[in-house]
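Notes follow the structure.
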2 protein chains.
Amino acid sequence: MVIESKTKTRVIGVDIDMETTTVAIVDIRGDIIARDSFRTVDYQNVSDFIASLAERIIILAETNGGFETIRSVGISCASANFFTGCIENAANMPWKGIIPLAAMLRDRLGLAVALANDAHVSGLGEHTYGSAHGMKDFIVLSLGHGGLGSCVFSGGQLHLGYHGFAGEVGHTCVEPGGRLCGCGHRGCLEEYTTAKGMALTAHELLATSDAPSVLRSAAEITPALLAEACEQGDEIAIEVLRISGEYLGLGLANYASLINPEAIILTGDIRQTGHWMIDPLCKSFEEHVFHNIRNNVRLIISILNDADRSVLGASALAWEVKEYSLFK
Amino acid sequence: MVIESKTKTRVIGVDIDMETTTVAIVDIRGDIIARDSFRTVDYQNVSDFIASLAERIIILAETNGGFETIRSVGISCASANFFTGCIENAANMPWKGIIPLAAMLRDRLGLAVALANDAHVSGLGEHTYGSAHGMKDFIVLSLGHGGLGSCVFSGGQLHLGYHGFAGEVGHTCVEPGGRLCGCGHRGCLEEYTTAKGMALTAHELLATSDAPSVLRSAAEITPALLAEACEQGDEIAIEVLRISGEYLGLGLANYASLINPEAIILTGDIRQTGHWMIDPLCKSFEEHVFHNIRNNVRLIISILNDADRSVLGASALAWEVKEYSLFK
């Protein structure tokens, strides 16, 4: 028995963030038809979460053209493994251990479900709809609050790696013996370049300097606050973003020397820091990258906004999976 | 017009090393039928070199089954670019600038000729005939006297990179502000892990220590000498190989965190240093690699010997190119 699929012209993209889960109906052209979101953190039990997610997908589909028009579902989530369909030991999610999220949602909906980690899905979004459209060999970097993810495309294909964990640039070492990372290692790139890393650098500089700084009285030091302080000539803030940019330039230069990408697409918090971080990043990158590709790798700020990239990437993932049928 | 090709059952693999050029006839099963070699350094003029190489290929083929049985030619050479067919600014070759070697040899022989850099060809050899046979996602590392090359396979395909320069692990930075490399950067991995790097480390340790060591009276400090001294309990030699192994372990851990390979195949001088370098390498690798793949990436010493890997890899490259005909 074969189910007629000509009417299945749309897919569901799901972005599960530690705070918020976003669901979107996306058509074949990449247009977002409708979207809904709810709080991830309200669900300590993963079965309750899946029940709520399935219900919201069905309601969204029924009120926007019908559930029967939906072909499949793609999910973006931190620590998700494409090969197993599981979320594996996610550090920042309410659900611990190995969670077979794809199978759980598939059984609820009767639709094919694929999932992949947020950095890989972000890359699919850039390749299908964003700044990497038409490229074959490129890197997408995702700069988040606490984490630094990435993915590599080789010959037009996402490089997942043997276990599905490729792209962990945040845990490459750029400062041997340096800051202790949550992963247990020292000197990881993300300890110097994420929002959390920038705040650490700021506190170190503030403690060893008498220079006046608006950062001294700030409740939280964020990339946006740092950029704002830079605009006002705050020397500590300028130094923080210079240091972060230099470390990121070094880490990306090492990455590019290995991969020789056409471009590196920069996404996430890097937009907020503006040229105060990007200028030292570019300078450091060109100083460290292998000489034969110096000035030949494009560093590009993504044209997609962060919310759209994740659900669009998840929708691109959905189109990749085979249609599901109980009767095949 | 189509030339009958059923009889073209063999290819030529060529390995151009800074000292020696090796030519081999290889059949479809990877058996080396015959081989010849001559001194690269005798030819300061590249046209003379090509004339001699073509003549030797023709003689070798004619005395081993006939030139008409040869389908195509693959060449391994440092600084060779697969996309352009040129040797580009090779640091250690007699010929400077951009040399269109593939086209020059093709015009002499009337056969299709492909070339690629030695590290990429080495990877092809491992994949087709060696320790990476059957693998899809892996890294091959080539540890030479002055250089450290590598290549990445993704999904069973060699990742060349956008300009053909992927895999420059020797020029990733492992010691910011460290030793000055020939490339102009500081702290490059190859400054600490090649034969040359090991000798530098030895001289640094000898200068700051009073410990007795056979290295003090050595005309040249080689990996083989270091391993021999280690066997005799020479503390300086043991420390040199420990330091080299730790740097290489760190560099490969960063690489593996990005690529998530099934295995890393180690080739070249690493055989000579034995467990004195490999043990600290493995320890450092597991200490630095991304935690989700710790103890899950195989570090393998290649089963191929260095001479065979290059010509076999070059022969695998030869099978990849389309047959050449003046009449198509």
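Naming: A, B, ... by sequence-line order, numbering from 1 per chain. Remember, it's a predicted structure, so these values are computed and weren't measured experimentally.
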- Using non-hydrogen atoms only, which part of A:Leu250 is less than 4.5 Å away from chain B: side chain, backbone, both, or neither? side chain
- Quick one: of B:Val152, B:Asn260, B:Val169, B:Leu160, who has the most non-hydrogen atom pairs under 4.5 Å with chain A? B:Asn260
- Message: Looking only at heavy atoms and a cut-off of under 4.5 Å, which of A:Leu189, A:Ile139, A:Val297, A:Val289 has the most pairs with chain B?
- Response: A:Val289
- Message: I'd like to know whether NZ of B:Lys96 has more than 12 heavy-atom contacts from other residues, nucleotides or ligands below 6.0 angstrom.
- Response: yes
- Output yes when A:Glu190 and A:Arg179 qualify as a salt bridge under the 4.0 Å nitrogen-oxygen rule, no when they do not. no
- In terms of heavy-atom pairs under 4.5 Å, which option from B:Met135, B:Glu262, B:Glu287 contacts chain A the most? B:Glu262
- For chain A, which of B:Leu258, B:Thr172, B:Val174, B:Asp137 has the most heavy-atom pairs under 4.5 Å? B:Leu258
- Query: Counting only heavy atoms not in B:Tyr129, do more than 12 sit closer than 6.0 Å to its OH atom?
  - Reply: yes
- Task: Against chain A, work out which of B:His163, B:Lys136, B:His288 has the most heavy-atom pairs shorter than 4.5 Å and name it.
- Result: B:His163
- B:Lys196 with B:Glu191: basic N within carboxylate O range, under 4.0 Å: yes
- Query: With a 4.5 angstrom heavy-atom cut-off, which part of A:Phe153 approaches chain B: side chain, backbone, both or neither?
  - Reply: backbone
- Query: With a 4.5 angstrom heavy-atom cut-off, which part of B:Ile259 approaches chain A: side chain, backbone, both or neither?
  - Reply: both
- Is A:Glu204 atom CD crowded by more than 12 heavy atoms from other residues, nucleotides or ligands, each under 6.0 Å away? yes
- Note on the structure: Applying a strict 4.5 Å limit to non-hydrogen atoms, the region of A:His159 in contact with chain B is both
- For the pair A:Phe138 and A:His127, evaluate ring pair (Phe, Tyr, Trp, His ring centres under 6.0 Å) and give the outcome as yes or no after the intermediate values. CA-CA 9 Å; A:Phe138 61 94; A:His127 189 226; 5.4 Å; yes
- Task: Identify the residue among B:Ile87, B:Asn117, B:Asp15 that makes a side chain to side chain contact (heavy atoms under 4.5 Å, CB included) with B:Cys77.
- Result: B:Ile87
- Task: Select one option (side chain, backbone, both, neither) describing which atoms of A:Pro176 are under 4.5 Å from chain B's heavy atoms.
- Result: side chain
